Chemist: 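My questions will all concern the structure given below.
Small disclaimer: the values here were computed from a predicted structure and weren't measured.
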Amino acid sequence: MSRDHVQSAERPADNGAVLPDSVEAPFLELLARGASVDAYEQPVLLARAEGRPAERIAALEQAKLLALRVRAELEGRRRREAELSALFETAHDLAGLRGLDAVLRAIVQRARSLLGTDVAYLSLNDPARGDTYMRVTEGSVAARFQQLRLGMGEGLGGLVAQTARPYVTDDYFRDDRFQHTLSIDAGVRDEGLVAILGVPLMLGPHVIGVLFAADRRARVFEREQIALLGSFAALAAAAIDTANLLTETRSALARLERANEIIRDRSGVIERASDVHDRLAELVLRGGGVHDVAAAVSEVLDGTVEFTEAAAAPGTALEASRAEGHAMRHADDWIAAVAAGGELLGALVLRGHPGLDPVDQRTLERAAMVTSLLLLARRSAAEAEQRVRGELLDDLLDARDRDPRLLRERASRLHADLDATHVVLAARLDGAAADAEQEAAARRRLWSAASHLAATRHGLAAARDGGTVLLLPLEPGDSATELARRTARHLGGAVHEAVTVGASAPVEELAAHPDAVAAAYAEGRRCLDALRLLGRAGDGAAAEDFGFLGLLLAGDRDLTGFVDRTIGQVVAYDERRGTDLVRTLDAYFACGMSPARTKDELHVHVNTVAQRLERVGRLLGADWQSPARALEIQLALRLHRLSGPGQR
């Protein structure tokens, strides 16, 4: 850099004006032309070389640090802009669905480019063969690596698939957290990979594959990079899900077309078959439901057609219809299975119509196919909306630097208003599950019920911390307490288990103050913990309901001070005298404040219990057994016990 960057006198600018000799000027020029980090040392070094005063050099040092901070912020913004642009482009590819392979390859290429890795690749599970195979690779040079097939549970990808969580290793061959195999290690060694990051591809609760980014040297992946790869993985999973749904749709449409060809062979029923086609198509286009399909077919077949759940249909006939793909007669009725992808969704039942010609039979079967398409479309739309609602709430909870305008736009598309007053609710199941699989199923039911409630209430819901968090608007005249209780009753009835709900105080302007959502969620969780601590499982409450327990829910609670004020004299007496008054109090309250049962619990004489309780009364005051004091003392005893060694 030239010396005129740090000259002490005023100097002319390019346009003839005179610029003051400020310490910021050289650094502003460096920022303007995007200089490297090393260049920011030059103004300070030149000033020292010219023997400038210490104050001048110190000011230059300060200006340099500030300029480097600005440069880092600009670099971060450019990086985030590039990441968002790539995600938007990928989402655009997915919306256009220009071929699954093309979308997946674009995702892998962009992930590799943005993360700056040597290699990126995507593997998918193959349920038919029971293993995992490489679907797309980018930057790979080893043929054996590109053709790898991995057994379920093997390699780093196996660890990601088992836990459904991202995993990263900075030295693959020295990492013993996952199962190494000769074939996988050989492929990785051929490719020369050292540091590997893998994130799961999720469809609902299921892992269908893994997206990887890897380097041929040791590297530490930052949290933002892991999150970015996770976003690409979500888009890849959505592309696969959409492609699968389109494949099923095309297959169903192909079957419908074959049925239509058979119908056209029967000249006597062409008009009726055409009427069926028009009615069903119209129903689909205007968003009709399965019962609308049943009503339309009832008119065409001149009978009564009903849609029933699988459990309500005759089992033998339903299974035969599912296996054969045709409607089956059962007594005077006809049963057509409504199924898709091997999953039984229900049945169409034609009542009291034993005589059915082949064309009418195929009409019923065709209606069953349309019904399955409607059910799949509704389910897919509902699951997509649930995922989008959960992602927005996750962003509000985790990403504190989101653009308020974008947050409002995303919420508006979900019919949610972030400028309205909301309450954050933390919900958790309190029933004991028989095993981990049943517990996971119960959590999925809770999340599904919470998502449905959020959609109907114009709110948001997401699975988090072993439970579910909801963001619901607070209606005028309503309170956080009543909302928490209603939510606990609603969710408990939906999942048929006790659900405890802790609510935050009302919060406002969430888009402008995203930190408020995380703080409110922490308050709701503390309220939830307090309810469970006090034995109120299955109930709902807000922080304001706890009175003196509010100190447990406050951000700066003083638990030690509360315990000391409440039973500190008893604890100190035991420590000084070696007595057992604290344990006696615990047993006394546990035995329903009965001295007779207390003496059996402690294995001492009842007079000993009376003497100890008398001593407690002198230490705590004569009213220590009044309801209010007794509640405080019991809580203090519990907190004292929990805070002791070995009680974590």
Side-chain angles (χ1 to χ4, degrees), residues 163-165 202 204-205 386-387 389-394 396-398 422-457 459-472 474 479-507 517-546 549-550 552-555 557 635 638-639 642 647-648:
T163 61
R165 296 174 58 188
M202 305 290 296
Q386 288 176 356
R387 286 196 297 268
R389 288 181 184 275
E391 289 168 0
L392 176 55
L393 184 51
D394 283 334
L396 288 170
L397 288 167
D398 298 331
H422 285 75
V423 173
V424 179
L425 304 107
R428 184 172 297 175
L429 292 165
D430 280 294
D435 52 39
E437 184 175 350
Q438 290 189 11
E439 181 179 0
R443 289 181 179 178
R444 288 194 296 271
R445 290 197 303 272
L446 174 62
W447 177 76
S448 179
S451 297
H452 182 265
L453 176 62
T456 57
R457 288 289 312 278
L460 305 173
R464 182 169 284 244
D465 300 324
T468 300
V469 54
L470 298 97
L471 180 69
L472 298 180
L474 187 66
S479 68
T481 299
E482 288 302 318
L483 181 58
R485 290 173 178 168
R486 288 199 306 272
T487 303
R489 290 193 299 269
H490 179 93
L491 296 180
V495 303
H496 306 293
E497 291 188 37
V499 177
T500 307
V501 177
S504 72
V507 289
V517 181
Y521 174 55
E523 183 179 47
R525 285 197 64 193
R526 289 195 295 268
C527 184
L528 172 64
D529 293 339
L531 282 170
R532 303 177 78 184
L533 185 66
L534 296 174
R536 290 174 57 185
D539 199 359
E544 60 193 23
D545 301 322
F546 286 88
L549 290 177
L552 296 177
L553 307 178
R557 57 191 182 275
L635 178 59
R638 184 171 294 187
L639 292 173
L642 291 174
Q647 299 297 326
R648 295 290 182 268

Chemist: How far apart are the closest heavy atoms of Cys527 and Ala541, and which atoms are they?
Modeler: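 Closest approach of Cys527 to Ala541: SG-O, 3.2 Å.
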Chemist: So, for Ala480 and Ala503, which heavy atoms are closest and what is the spacing to 0.1 Å?
Modeler: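 Taking every non-hydrogen atom into account, O-CB, 3.9 Å.
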Chemist: Using 0.5 Å steps for rounding, measure from the CG atom of Asp465 to the OH atom of Tyr521.
Modeler: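 The distance works out to 3.5 Å.
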Chemist: Can you tell if the side chain of Leu472 reaches within under 4.5 Å of the side chain of Thr487, non-hydrogen atoms only?
Modeler: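 Yes, at least one pair of side-chain atoms sits under 4.5 Å.
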Chemist: Only one of Leu474, Thr481, Leu471 passes side-chain contact (heavy atoms from CB on, under 4.5 Å) with Val423; say which it is.
Modeler: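 The side-chain contact (heavy atoms from CB on, under 4.5 Å) with Val423 is passed solely by Leu474 among Leu474, Thr481, Leu471.
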Chemist: Do any N or O atoms from the side chain of Ser451 and from the backbone of Trp447 form a donor-acceptor pair under 3.5 angstrom?
Modeler: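 Yes, Ser451 side chain to Trp447 backbone: donor-acceptor pair under 3.5 Å.
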Chemist: Could you report the tightest heavy-atom contact between Val499 and Ala427, atom names first, then the distance?
Modeler: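 That would be CG1-CB, 4.1 Å.
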Chemist: Using the test salt bridge (charged side-chain N to carboxylate O under 4.0 Å, His left out), find all partners of Arg486 that sit at least two apart in sequence or belong to another chain.
Modeler: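 Arg486 satisfies salt bridge (charged side-chain N to carboxylate O under 4.0 Å, His left out) with Asp478 only.
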Chemist: Quick test of your reading of the model: are Arg489 and Asp539 salt-bridged, counting only N-O distances below 4.0 Å?
Modeler: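 Not counted as a salt bridge, because no side-chain N and carboxylate O are separated by less than 4.0 Å.
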Chemist: Do Leu429 and Glu497 come close enough that some side-chain heavy atom pair is under 4.5 Å?
Modeler: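 Result yes, sub-4.5 Å side-chain heavy-atom pair found.
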Chemist: How far apart are the C-alpha atoms of Arg485 and Glu482, what are their side-chain angles, what is the distance that settles it, and do they pass the salt bridge (charged side-chain N to carboxylate O under 4.0 Å, His left out) test?
Modeler: CA-CA 5 Å; Arg485 290 173 178 168; Glu482 288 302 318; 3.6 Å; yes
Chemist: If we ignore hydrogens and angles and just use 3.5 Å, is the side chain of Ser504 paired with the main-chain N or O of Val424 as donor and acceptor?
Modeler: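 Such a contact is found between Ser504 side chain and Val424 backbone.
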Chemist: Which pair of non-hydrogen atoms, one from Ala449 and one from Val495, has the smallest distance, and what is that distance?
Modeler: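 Of all heavy-atom pairs spanning Ala449 and Val495, the closest is CB-CG1, 4.2 Å.
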Chemist: With side chain to side chain contact (heavy atoms under 4.5 Å, CB included) as the criterion, how do Arg428 and Arg525 come out once you've worked through the C-alpha distance, each side chain's angles and the decisive distance to 0.1 Å?
Modeler: CA-CA 10 Å; Arg428 184 172 297 175; Arg525 285 197 64 193; 3.6 Å; yes
Chemist: Kindly write out the residues that satisfy side chain to side chain contact (heavy atoms under 4.5 Å, CB included) with Ala450, not counting sequence neighbours, or none if the list is empty.
Modeler: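 For Ala450 the side chain to side chain contact (heavy atoms under 4.5 Å, CB included) partners, ignoring immediate neighbours, are Ala461, Thr468, Leu470, Leu491.
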Chemist: I need the Asp430 CG to Thr500 OG1 distance, nearest 0.5 Å.
Modeler: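 Reported value, rounded in 0.5 Å steps: 3.0 Å.
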